[in-house]
Amino acid sequence: MPKPADMTTPPRYALQATAVCLGFLLALPLIASTAATAGNLRDKIMERRQERKEQRAEQAAEKNEMTEAETTDLAPQGLPAGTKVLRDIAYGSDKRQTMDVYLPANAASQKSMPVIFMVHGGAWKIGSKTARGVVENKAAHWLPQGYIFVSINYRMLPDIKPLEQADDVAKALATAQSKAAEWGGSGKRFIIMGHSAGAHLVALLASNPSIAARAGASAWLATIALDSAAYDIDKIMGQKHYRFYDEAFGSDPAYWQASSPTLQLKHAAAPFVAVCSSIRPDKPCVQAGVFIDKARSLGMQAMLLPQSLSHADINKNLGLDSAYTTALDNFIKPLVAAQTSP
(Lines give C-alpha, C1' and ligand atoms only; values in the text may rest on other atoms or scores of the structure.)
Protein backbone atom coordinates (compact mmCIF):
# COMPACT_ATOMS: atom_id res chain seq x y z
CA MET A 1 0.00 0.00 0.00
CA PRO A 2 1.50 3.43 -1.00
CA LYS A 3 2.77 5.68 1.71
CA PRO A 4 0.57 8.81 2.07
CA ALA A 5 2.14 12.12 1.03
CA ASP A 6 3.46 14.40 3.76
CA MET A 7 1.11 17.40 3.47
CA THR A 8 3.56 19.59 5.40
CA THR A 9 6.24 19.22 2.68
CA PRO A 10 5.64 21.43 -0.41
CA PRO A 11 5.62 19.63 -3.73
CA ARG A 12 8.77 19.97 -5.78
CA TYR A 13 7.09 22.16 -8.45
CA ALA A 14 5.98 24.59 -5.73
CA LEU A 15 9.53 24.87 -4.47
CA GLN A 16 10.79 25.56 -7.98
CA ALA A 17 8.16 28.23 -8.56
CA THR A 18 8.98 29.86 -5.25
CA ALA A 19 12.68 29.91 -6.13
CA VAL A 20 11.92 31.53 -9.49
CA CYS A 21 9.76 34.20 -7.85
CA LEU A 22 12.37 34.92 -5.19
CA GLY A 23 15.03 35.16 -7.87
CA PHE A 24 12.91 37.57 -9.86
CA LEU A 25 12.20 39.72 -6.82
CA LEU A 26 15.87 39.81 -5.94
CA ALA A 27 16.71 40.76 -9.52
CA LEU A 28 14.18 43.61 -9.72
CA PRO A 29 16.53 46.28 -8.33
CA LEU A 30 19.22 45.21 -10.78
CA ILE A 31 16.72 45.25 -13.65
CA ALA A 32 15.47 48.68 -12.60
CA SER A 33 19.02 49.95 -12.25
CA THR A 34 19.95 48.58 -15.66
CA ALA A 35 16.85 50.11 -17.22
CA ALA A 36 17.60 53.47 -15.61
CA THR A 37 21.20 53.30 -16.82
CA ALA A 38 20.01 52.45 -20.31
CA GLY A 39 17.50 55.30 -20.16
CA ASN A 40 20.15 57.75 -19.02
CA LEU A 41 22.48 56.56 -21.75
CA ARG A 42 19.72 56.92 -24.33
CA ASP A 43 18.95 60.44 -23.06
CA LYS A 44 22.63 61.38 -23.25
CA ILE A 45 22.86 60.03 -26.79
CA MET A 46 19.79 62.05 -27.78
CA GLU A 47 21.19 65.17 -26.11
CA ARG A 48 24.49 64.74 -27.90
CA ARG A 49 22.69 64.29 -31.23
CA GLN A 50 20.70 67.45 -30.56
CA GLU A 51 23.90 69.32 -29.68
CA ARG A 52 25.52 68.19 -32.94
CA LYS A 53 22.38 69.22 -34.84
CA GLU A 54 22.48 72.66 -33.22
CA GLN A 55 26.20 72.98 -33.93
CA ARG A 56 25.62 72.15 -37.61
CA ALA A 57 22.78 74.70 -37.72
CA GLU A 58 25.03 77.30 -36.11
CA GLN A 59 27.83 76.61 -38.59
CA ALA A 60 25.36 76.82 -41.47
CA ALA A 61 23.95 80.09 -40.13
CA GLU A 62 27.40 81.58 -39.75
CA LYS A 63 28.24 80.48 -43.29
CA ASN A 64 25.00 82.06 -44.52
CA GLU A 65 25.75 85.27 -42.64
CA MET A 66 29.04 85.48 -44.53
CA THR A 67 27.62 84.00 -47.72
CA GLU A 68 29.58 83.61 -50.93
CA ALA A 69 27.03 85.88 -52.59
CA GLU A 70 28.56 88.71 -50.57
CA THR A 71 32.07 88.11 -51.90
CA THR A 72 31.50 87.14 -55.55
CA ASP A 73 32.05 90.22 -57.70
CA LEU A 74 29.43 91.32 -60.17
CA ALA A 75 30.33 90.58 -63.77
CA PRO A 76 29.94 93.53 -66.17
CA GLN A 77 27.37 91.64 -68.22
CA GLY A 78 25.15 91.56 -65.12
CA LEU A 79 24.28 95.24 -65.56
CA PRO A 80 21.55 96.68 -67.81
CA ALA A 81 22.75 97.88 -71.20
CA GLY A 82 24.03 101.43 -71.16
CA THR A 83 24.65 101.54 -67.41
CA LYS A 84 27.32 104.04 -66.41
CA VAL A 85 29.31 103.19 -63.28
CA LEU A 86 31.21 105.71 -61.18
CA ARG A 87 33.71 103.64 -59.19
CA ASP A 88 35.30 104.24 -55.79
CA ILE A 89 33.95 107.67 -54.96
CA ALA A 90 35.54 108.55 -51.61
CA TYR A 91 33.58 109.69 -48.59
CA GLY A 92 36.51 109.44 -46.16
CA SER A 93 40.27 108.98 -46.04
CA ASP A 94 40.33 105.20 -45.50
CA LYS A 95 40.60 103.00 -48.61
CA ARG A 96 37.35 101.23 -47.69
CA GLN A 97 35.40 104.46 -47.34
CA THR A 98 34.25 104.45 -50.95
CA MET A 99 31.08 103.93 -52.97
CA ASP A 100 30.09 102.91 -56.48
CA VAL A 101 27.30 104.73 -58.29
CA TYR A 102 25.24 103.00 -61.01
CA LEU A 103 23.47 105.40 -63.37
CA PRO A 104 20.72 104.40 -65.80
CA ALA A 105 21.38 104.72 -69.52
CA ASN A 106 19.33 107.93 -69.79
CA ALA A 107 20.80 109.58 -66.67
CA ALA A 108 22.26 112.53 -68.60
CA SER A 109 18.77 113.72 -69.49
CA GLN A 110 17.26 113.16 -66.05
CA LYS A 111 16.82 115.34 -62.96
CA SER A 112 15.77 114.50 -59.41
CA MET A 113 15.96 110.73 -59.87
CA PRO A 114 15.33 108.69 -56.72
CA VAL A 115 18.31 106.82 -55.22
CA ILE A 116 18.60 103.32 -53.75
CA PHE A 117 21.48 103.50 -51.25
CA MET A 118 22.73 99.97 -50.48
CA VAL A 119 24.86 98.68 -47.57
CA HIS A 120 26.30 95.15 -47.96
CA GLY A 121 26.40 92.50 -45.23
CA GLY A 122 28.95 89.96 -44.02
CA ALA A 123 28.84 89.68 -40.19
CA TRP A 124 30.40 93.14 -39.84
CA LYS A 125 33.77 91.75 -41.02
CA ILE A 126 33.62 90.77 -44.70
CA GLY A 127 31.72 91.74 -47.83
CA SER A 128 31.99 94.09 -50.76
CA LYS A 129 30.06 96.83 -52.53
CA THR A 130 30.76 95.03 -55.83
CA ALA A 131 29.25 91.71 -54.76
CA ARG A 132 26.94 90.15 -57.31
CA GLY A 133 24.26 89.40 -54.70
CA VAL A 134 24.36 93.00 -53.53
CA VAL A 135 24.09 94.71 -56.92
CA GLU A 136 23.01 92.62 -59.89
CA ASN A 137 19.25 92.04 -59.61
CA LYS A 138 18.61 95.30 -57.79
CA ALA A 139 20.36 97.35 -60.47
CA ALA A 140 18.61 95.38 -63.21
CA HIS A 141 15.25 96.14 -61.63
CA TRP A 142 15.54 99.75 -60.49
CA LEU A 143 17.86 101.38 -63.06
CA PRO A 144 15.41 100.92 -65.97
CA GLN A 145 12.73 102.53 -63.77
CA GLY A 146 14.81 105.69 -63.47
CA TYR A 147 16.54 105.07 -60.14
CA ILE A 148 20.20 105.59 -59.29
CA PHE A 149 21.78 102.70 -57.38
CA VAL A 150 24.59 103.40 -54.90
CA SER A 151 26.57 100.61 -53.22
CA ILE A 152 29.00 101.42 -50.42
CA ASN A 153 31.94 99.90 -48.60
CA TYR A 154 32.73 100.65 -44.98
CA ARG A 155 35.48 99.79 -42.52
CA MET A 156 35.27 96.32 -40.97
CA LEU A 157 36.05 94.23 -37.90
CA PRO A 158 38.42 93.87 -36.17
CA ASP A 159 39.55 97.43 -36.89
CA ILE A 160 36.17 99.11 -36.59
CA LYS A 161 33.17 97.94 -34.53
CA PRO A 162 29.49 98.26 -35.52
CA LEU A 163 28.78 101.67 -33.99
CA GLU A 164 31.73 103.13 -35.88
CA GLN A 165 30.56 101.30 -38.99
CA ALA A 166 27.20 103.06 -38.58
CA ASP A 167 29.15 106.34 -38.58
CA ASP A 168 30.74 105.29 -41.88
CA VAL A 169 27.33 104.55 -43.37
CA ALA A 170 26.11 107.96 -42.23
CA LYS A 171 29.12 109.70 -43.80
CA ALA A 172 28.58 107.82 -47.05
CA LEU A 173 24.91 108.79 -47.02
CA ALA A 174 25.73 112.47 -46.45
CA THR A 175 28.26 112.41 -49.30
CA ALA A 176 25.85 110.67 -51.69
CA GLN A 177 23.08 113.12 -50.85
CA SER A 178 25.39 116.07 -51.48
CA LYS A 179 26.48 114.67 -54.87
CA ALA A 180 23.10 113.35 -56.01
CA ALA A 181 22.28 116.39 -58.15
CA GLU A 182 25.56 115.90 -60.08
CA TRP A 183 24.34 112.43 -61.03
CA GLY A 184 20.85 113.57 -62.01
CA GLY A 185 19.39 112.50 -58.69
CA SER A 186 17.74 114.16 -55.71
CA GLY A 187 19.27 114.29 -52.24
CA LYS A 188 15.75 114.20 -50.81
CA ARG A 189 14.62 111.04 -52.60
CA PHE A 190 16.82 108.42 -50.96
CA ILE A 191 15.78 104.90 -49.97
CA ILE A 192 18.42 103.41 -47.67
CA MET A 193 18.74 99.64 -47.78
CA GLY A 194 21.02 97.05 -46.20
CA HIS A 195 21.38 93.29 -46.00
CA SER A 196 22.39 91.25 -42.94
CA ALA A 197 24.98 93.28 -40.99
CA GLY A 198 24.21 96.12 -43.39
CA ALA A 199 20.53 95.80 -42.46
CA HIS A 200 21.49 96.21 -38.81
CA LEU A 201 23.48 99.35 -39.66
CA VAL A 202 20.67 101.04 -41.62
CA ALA A 203 18.18 100.06 -38.91
CA LEU A 204 20.48 101.70 -36.37
CA LEU A 205 20.51 104.92 -38.42
CA ALA A 206 16.74 104.77 -38.71
CA SER A 207 16.24 104.27 -34.98
CA ASN A 208 18.88 106.80 -33.88
CA PRO A 209 18.82 109.68 -36.40
CA SER A 210 21.48 111.58 -34.46
CA ILE A 211 24.07 109.23 -36.02
CA ALA A 212 23.14 110.47 -39.48
CA ALA A 213 22.74 114.07 -38.35
CA ARG A 214 26.26 114.17 -36.89
CA ALA A 215 27.62 113.20 -40.30
CA GLY A 216 25.61 115.86 -42.07
CA ALA A 217 23.06 113.54 -43.65
CA SER A 218 19.52 114.80 -44.15
CA ALA A 219 16.24 112.92 -43.93
CA TRP A 220 15.52 110.05 -46.31
CA LEU A 221 12.26 108.56 -47.58
CA ALA A 222 12.38 105.01 -46.19
CA THR A 223 14.59 102.31 -44.71
CA ILE A 224 14.61 98.71 -46.01
CA ALA A 225 16.31 96.15 -43.74
CA LEU A 226 16.94 92.86 -45.54
CA ASP A 227 17.06 90.00 -43.03
CA SER A 228 18.71 91.37 -39.93
CA ALA A 229 18.39 89.27 -36.77
CA ALA A 230 20.17 91.96 -34.76
CA TYR A 231 17.52 94.42 -33.61
CA ASP A 232 18.09 93.78 -29.89
CA ILE A 233 21.76 93.01 -29.25
CA ASP A 234 21.25 93.14 -25.49
CA LYS A 235 18.76 90.27 -25.70
CA ILE A 236 20.92 88.28 -28.11
CA MET A 237 23.97 88.46 -25.85
CA GLY A 238 21.95 87.34 -22.82
CA GLN A 239 21.11 83.99 -24.40
CA LYS A 240 22.77 81.35 -26.56
CA HIS A 241 24.03 83.08 -29.69
CA TYR A 242 26.32 82.74 -32.69
CA ARG A 243 29.99 83.36 -32.05
CA PHE A 244 30.32 86.26 -34.48
CA TYR A 245 28.15 88.40 -32.18
CA ASP A 246 30.88 88.24 -29.53
CA GLU A 247 33.46 89.43 -32.00
CA ALA A 248 31.22 92.26 -33.16
CA PHE A 249 29.70 93.50 -29.92
CA GLY A 250 32.10 92.46 -27.16
CA SER A 251 31.10 92.15 -23.52
CA ASP A 252 29.95 95.64 -22.51
CA PRO A 253 26.14 95.81 -21.91
CA ALA A 254 26.18 99.57 -22.52
CA TYR A 255 27.62 98.93 -26.01
CA TRP A 256 24.97 96.26 -26.64
CA GLN A 257 22.19 98.71 -25.79
CA ALA A 258 23.69 101.50 -27.90
CA SER A 259 23.93 99.05 -30.83
CA SER A 260 20.33 97.82 -30.57
CA PRO A 261 17.89 99.44 -33.02
CA THR A 262 14.87 98.33 -30.99
CA LEU A 263 16.24 99.90 -27.80
CA GLN A 264 17.35 103.07 -29.60
CA LEU A 265 14.00 103.63 -31.34
CA LYS A 266 12.21 106.27 -29.26
CA HIS A 267 10.52 108.53 -31.80
CA ALA A 268 8.72 108.06 -35.11
CA ALA A 269 11.09 107.97 -38.05
CA ALA A 270 10.95 107.40 -41.82
CA PRO A 271 8.81 104.49 -43.07
CA PHE A 272 10.49 101.14 -42.45
CA VAL A 273 10.31 97.63 -43.93
CA ALA A 274 11.82 94.65 -42.13
CA VAL A 275 12.25 91.74 -44.55
CA CYS A 276 13.02 88.50 -42.69
CA SER A 277 13.66 84.86 -43.52
CA SER A 278 10.98 82.58 -42.10
CA ILE A 279 13.21 79.52 -42.56
CA ARG A 280 16.39 80.58 -40.72
CA PRO A 281 17.08 78.55 -37.54
CA ASP A 282 17.74 81.67 -35.46
CA LYS A 283 14.25 83.04 -36.29
CA PRO A 284 15.05 86.63 -37.33
CA CYS A 285 11.36 87.41 -37.80
CA VAL A 286 10.90 87.38 -34.01
CA GLN A 287 13.19 90.35 -33.35
CA ALA A 288 12.09 92.05 -36.57
CA GLY A 289 8.47 91.74 -35.49
CA VAL A 290 9.16 93.32 -32.11
CA PHE A 291 10.89 96.25 -33.83
CA ILE A 292 7.99 96.74 -36.26
CA ASP A 293 5.44 96.61 -33.45
CA LYS A 294 7.35 99.28 -31.53
CA ALA A 295 7.69 101.42 -34.66
CA ARG A 296 3.94 101.26 -35.27
CA SER A 297 3.23 102.14 -31.64
CA LEU A 298 5.23 105.34 -32.20
CA GLY A 299 3.18 106.22 -35.26
CA MET A 300 5.64 105.06 -37.94
CA GLN A 301 4.62 103.49 -41.20
CA ALA A 302 6.23 100.08 -40.78
CA MET A 303 5.85 96.69 -42.43
CA LEU A 304 7.09 93.20 -41.57
CA LEU A 305 7.72 91.16 -44.73
CA PRO A 306 8.54 87.49 -43.96
CA GLN A 307 9.90 85.45 -46.86
CA SER A 308 10.37 81.71 -47.22
CA LEU A 309 13.87 82.31 -48.58
CA SER A 310 17.38 81.73 -47.31
CA HIS A 311 19.42 84.56 -45.85
CA ALA A 312 21.43 84.86 -49.08
CA ASP A 313 18.40 84.64 -51.38
CA ILE A 314 16.61 87.48 -49.59
CA ASN A 315 19.48 89.66 -50.78
CA LYS A 316 20.26 88.37 -54.25
CA ASN A 317 16.65 87.64 -55.31
CA LEU A 318 15.45 91.17 -54.66
CA GLY A 319 14.76 92.67 -58.06
CA LEU A 320 13.62 89.46 -59.71
CA ASP A 321 10.04 89.30 -60.95
CA SER A 322 8.32 88.10 -57.77
CA ALA A 323 5.73 88.96 -55.14
CA TYR A 324 8.63 89.87 -52.85
CA THR A 325 9.99 92.53 -55.21
CA THR A 326 6.47 93.78 -55.96
CA ALA A 327 5.72 94.21 -52.24
CA LEU A 328 8.76 96.44 -51.79
CA ASP A 329 7.99 98.37 -54.98
CA ASN A 330 4.46 99.01 -53.71
CA PHE A 331 5.91 100.35 -50.47
CA ILE A 332 8.57 102.54 -52.06
CA LYS A 333 6.82 104.04 -55.09
CA PRO A 334 4.18 106.15 -53.29
CA LEU A 335 6.90 107.64 -51.07
CA VAL A 336 9.05 108.52 -54.09
CA ALA A 337 6.08 109.96 -55.97
CA ALA A 338 5.09 112.12 -53.01
CA GLN A 339 8.57 113.70 -52.81
CA THR A 340 8.70 115.82 -55.95
CA SER A 341 11.14 118.57 -54.91
CA PRO A 342 14.77 118.18 -56.00
Side-chain angles (χ1 to χ4, degrees), residues 53-54 56-75 77-80 100 102 116-145 147 149-153 191-203 222-231 242 244-245 272-289 291-292 303-332:
K53 183 179 178 180
E54 291 175 358
R56 287 194 296 269
E58 178 175 338
Q59 290 166 357
E62 289 194 88
K63 182 178 179 181
N64 285 340
E65 187 74 12
M66 298 179 290
T67 177
E68 182 181 353
E70 295 286 15
T71 55
T72 303
D73 281 350
L74 172 70
Q77 60 268 29
L79 293 171
D100 294 341
Y102 297 81
I116 303 288
F117 177 89
M118 180 68 192
V119 184
H120 72 76
W124 301 275
K125 63 180 179 180
I126 65 170
S128 171
K129 61 182 170 58
T130 60
R132 183 177 181 184
V134 172
V135 178
E136 184 174 40
N137 290 324
K138 300 177 189 69
H141 178 71
W142 276 297
L143 263 61
Q145 296 184 53
Y147 285 72
F149 186 81
V150 176
S151 184
I152 76 160
N153 274 345
I191 306 294
I192 70 170
M193 181 183 294
H195 172 247
S196 192
H200 165 258
L201 296 176
V202 298
T223 305
I224 313 294
L226 304 177
D227 207 32
S228 171
Y231 288 93
Y242 297 136
F244 56 75
Y245 286 116
F272 193 102
V273 181
V275 182
C276 59
S277 169
S278 61
I279 61 174
R280 275 176 64 179
D282 55 337
K283 303 185 185 305
C285 292
V286 174
Q287 284 213 2
F291 180 89
I292 293 299
M303 179 172 70
L304 183 69
L305 189 59
Q307 296 295 306
S308 183
L309 294 170
S310 72
H311 183 62
D313 285 346
I314 279 181
N315 189 32
K316 68 182 181 181
N317 287 9
L318 179 56
L320 297 179
D321 186 9
S322 67
Y324 166 35
T325 300
T326 299
L328 283 182
D329 265 340
N330 290 341
F331 190 90
I332 292 170

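Below, all heavy atoms of this structure are taken into account, side chains as well, without hydrogens, waters or symmetry copies. We count residues from 1, following the sequence as given.
- Nearest heavy atoms, Met303 versus Ala327: CE-O, 4.2 Å.
- Residue His120 holds its NE2 atom at 9.0 Å from NZ of Lys129, rounded to the nearest 0.5 Å.
- To the nearest 0.5 angstrom, Ile152 atom CD1 is 4.0 Å from Phe117 atom CZ.
- Heavy-atom minimum distance, Ser196 versus His311: OG-NE2, 2.9 Å.
- To the nearest 0.5 Å, atom CD of residue Glu136 and atom CG of residue Leu320 are 9.0 Å apart.
- Panel note: side chain Ser277, backbone Ser310; no donor-acceptor pair is recorded below 3.5 Å.
- The side-chain heavy atoms of Met118 and Val134, taken from C-beta on, include a pair separated by under 4.5 Å.
- Between the Arg280 side chain and the Asp227 main chain, a donor and an acceptor come within less than 3.5 Å of each other.
- Distance check, rounded to the nearest 0.5 Å: CG of Leu226 to NZ of Lys316 gives 14.5 Å.
- Closest of all the heavy-atom pairs between Cys285 and Pro306 is SG-CB, 4.1 Å.
- With contacts defined as side-chain heavy-atom distances shorter than 4.5 Å, the pair Val275/Tyr324 qualifies.
- Side chains of Trp142 and Asp329 form a contact here, defined as non-hydrogen atoms less than 4.5 Å apart.
- Smallest separation of non-hydrogen atoms from Ser128 and Thr130: OG-OG1, 2.8 Å.
- Heavy-atom neighbours of Asp321 CG from other residues, nucleotides or ligands within 6.0 Å: at or below the threshold of 12.
- Taken to the nearest 0.5 Å, the SG atom of Cys276 stands 7.5 Å off from the CG atom of Leu305.
- Looking at every heavy atom in both residues, Pro80 comes nearest to Leu143 through CG-CB, 4.4 Å.
- Taking CG of Leu318 as the start and NE2 of His141 as the end, the distance is 7.5 Å to the nearest 0.5 Å.
- In this structure, Trp124 and Phe244 have tilted ring planes: the angle between them lies in the 30° to 60° band.
- A heavy-atom distance below 4.5 Å is found between the side chains of Ile332 and Tyr147.
- The nearest pair of heavy atoms linking Ser151 to Val135 is OG-CG2, 4.1 Å.
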